[in-house]
Chemist: 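Below: one structure in structure tokens.
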Amino acid sequence: LLERVLDELKNALPHFEVRREQYEMMKNVSDAMNYGLKSAVHAPTGTGKSFGYLIPFLAMKLVKQDYRITISTYTINLQQQLIKDLQLINQIYSKIKPLEKPLTYTILKGRSNYFCRKRFLENQDDLPVSFSEKVNDKLVSLKSLNQALDRQNMGFKMTSSQWELLTVESCKKTDCPFFADCSYFHDYFESESDVVITNHALYFNRELFVKDAWSDFSFHIFDESHKLEKVVLDTSTFDLSINKIEGWAKQGISVGYKHGFESAKINAWSSKYLFKHPTVMKFKAGLQAIDKRLESNDSSLAKLRFNERTIHTMIQELYDWQREMFHEFHETVPSDEKKENELYKEDRNNWGIGFGELHEFKSIFELEEEKRVPWVERNDFGDILLKVTPTSIIHLPPLFKNGVLFTSGTLAQNDSNKEFAARLNVELDIDNVLSTPFSLAEQTIVYASKNVNPRNADYEEQLEKEITELLLNGDLKTFVLFTSTQLMERMYNKLKNTLILHAKEQGFVLKVWLQERNNHIEIMNSFRNKNDKSVLFGTLSYFEGIDLQGESLTQIILTRLPFSVPTHPVQEILDRNQQYSKWEALIRFEQAFGRLIRTRSDYGSFNILDSRIYENQNTDFLQLFKKDSIEITDEHDKIKEFHKKRN
Ligand code: SF4
């Protein structure tokens with residue numbers, strides 16, 4: 001079947017060529033789909049990995065009508081690319097099965113992206129008439145085009161506060177007259193699409209908190225898998241705050257009023273549980289004490305040493321408070337008849353769902369001490385949040401039950417994906433590390449400086465000297481990449497004028513861009529414009545997701561080995577595992593290198609200004625080039641020669 005689909009693909013797209021590595025991936029994915037196996041494929045740039053998994057899916061779909069998959073990605077860019085690829089897959093499907101309806105797919109977005117007609121109606125008085133008319137017109141046209149009612153499709157500008165009044169707050173479908181054609185409701189709960197495209201955060205949010213959320217799907221694909229571990233730990237971080245605790249009690253008050261409870265009873269109940277309850281007062285006092293310590297540290301984020309027993313008692317008391325409050329609320333219901341009322345039961349259940357967070361907080365906090373980390377953070381509104389994060393995914397219930405594919409351009413370590421999978425608590429049935437489809441030994445050269453060492457006192461002087469020398473090599477289009485914003489700005493301020501002046505003397509105009517100061521689209525256009533000569537000073541966001549082909553990018557200067565400097569407790573938790581922090585640095589390094597060669601005709605030099613790369617503990621970094629026989633030099637002249645030959 002796979003061969004048949006490939007033949008059809010060649011007919012549909014005569015220029016489409018299946019590369020050896022891509023075919024290998026297709027076979028792996030076919031096996032994983034056929035037998036429900038757990039697979040990981042490291043697929044370097046140029047493999048064509050999205051067709052590497054979409055074509056085996058199409059082959060499965062031809063024999064199994066009810067075969068459905070999820071594809072989870074980290075970036076929106078990849079989701080958009082997938083939509084285009086799925087359109088092509090659909091063309092082939094229609095050719096092979098002309099009588100069947102086309103394949104369907106849904107993009108599952110965060111709840112706040114969806115439009116809620118009920119809220120629009122409720123808030124209409126607060127919106128200008130002309131604005132409401134525009135929204136109404138848009139609703140009619142989106143409905144006639146059968147398109148989702150979401151922020152991206154609204155197609156006109158509005159402020160965040162206007163959108164706040166239109167988006168889903170909490171969906172109470174049973175008393176909503178619009179749920180029959182509500183995009184949120186259908187995408188989230190009723191989607192029958194063959195493919196659901198989502199992102200890692202949403203996928204795990206549902207996996208962890210919605211019972212059997214993905215049980216209707218036969219296979220799960222995680223593209224950009226190298227980001228999974230951090231996302232899962234972020235998603236399984238729970239928090240408690242004064243606002244949240246009070247919010248739970250306040251929600252009870254509104255359910256009471258909505259269902260006709262006596263005011264006196266509601267007041268008695270709320271003053272007992274919300275305003276005067278010793279547990280709530282103790283929790284408030286505890287967080288206020290932490291707040292003072294945060295202020296004295298003059299920091300918005302701090303990890304504090306907690307008295308474990310105090311917190312444990314506090315959580316247990318909150319848990320008892322919540323149970324008692326919930327139980328007593330039910331006792332104040334005006335009549336037995338009301339207790340059986342379906343609407344009342346649903347509202348009460350919805351209210352109870354919020355308490356699940358307290359339950360999750362408690363169960364993670366009750367893991368052994370080395371398996372979780374409590375910490376605090378002040379959010380953008382100034383609230384203090386008490387948080388808890390598991391130290392590893394292996395302490396969570398198994399997350400990957402069905403057949404699964406993990407893939408990324410950067411995944412493997414020591415020629416295997418097993419270490420990555422083990423950290424996700426997965427034993428692999430198929431483990432493949434594909435080689436690059438490019439002739440990297442001919443297309444690139446690596447310069448690794450022996451002169452610049454971040455540990456030395458003259459580091460910045462040496463760095464400045466080497467960057468200047470490499471940038472004055474000619475009119476190369478260059479990314480100068482940093483791991484620190486401050487250092488990036490200092491170097492930019494020192495070098496900008498010298499570079500522009502030098503270029504002028506050579507007879508051309510050089511554009512020197514700074515990530516923080518310039519618009520991303522403008523920067524990309526300048527790099528793509530053949531007539532522009534450009535240099536960018538950028539940080540981590542330019543290490544990945546940038547696709548500049550051919551002569552749009554011919555030189556990368558990496559100013560430091562990209563080990564992370566943990567600025568966030570979750571990152572700190574991950575970095576405690578030395579294997580993870582080394583792996584993450586290697587992934588970033590490989591990602592940065594991956595910006596350079598995007599097609600078979602690209603060329604360029606990769607320059608590392610951190611002599612620690614020659615130290616024993618860092619040999620893995622140079623090994624990435626050695627395995628593809630790429631020349632590594634410590635002489636600037638060789639880099640000059642390489643570029644001269646290409647010009
Ligand atoms: S079903 Fe839910 S999200 Fe949809 S319009 Fe009604 S309340 Fe809003």
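We count ligands from 1, going down the list as the structure has it; atoms in each ligand are counted the same way.
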Chemist: Just jot down the ligand 1 atoms closer than 4.0 angstrom to any heavy atom of Cys182, in number order.
Modeler: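 So the answer, numbered in order with elements, is 1 (S), 3 (S), 4 (Fe), 5 (S).
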Chemist: Please determine whether a side-chain nitrogen of the Lys or Arg among Lys61 and Glu100 lies less than 4.0 Å from a carboxylate oxygen of the Asp or Glu.
Modeler: no
Chemist: Can you check whether Lys401's main-chain N or O pairs, donor with acceptor, with Lys38's side chain at less than 3.5 Å?
Modeler: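 Judged by distance alone, yes, a pair lies under 3.5 Å.
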Chemist: Hey, which atoms in ligand 1 end up nearer than 4.0 Å to a heavy atom of Arg117?
Modeler: 5 (S)
Chemist: Should Glu357 and Lys244 count as an ion pair when the cut-off is N to O under 4.0 Å?
Modeler: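 Answer for the salt bridge query: yes.
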Chemist: Is it true that some N/O/S atom of Cys116, main chain or side chain, lies under 2.8 Å from atom 8 (Fe) of ligand 1?
Modeler: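 Under 2.8 Å: Cys116 contacts atom 8 (Fe) of ligand 1 through an N, O or S atom.
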Chemist: Indicate whether any N or O donor in one side chain lies under 3.5 Å from an N or O acceptor in the other, for Asn341 and His259.
Modeler: no
Chemist: Quick one: which ligand 1 atoms are inside 4.0 Å of a heavy atom on Tyr184?
Modeler: 3 (S)
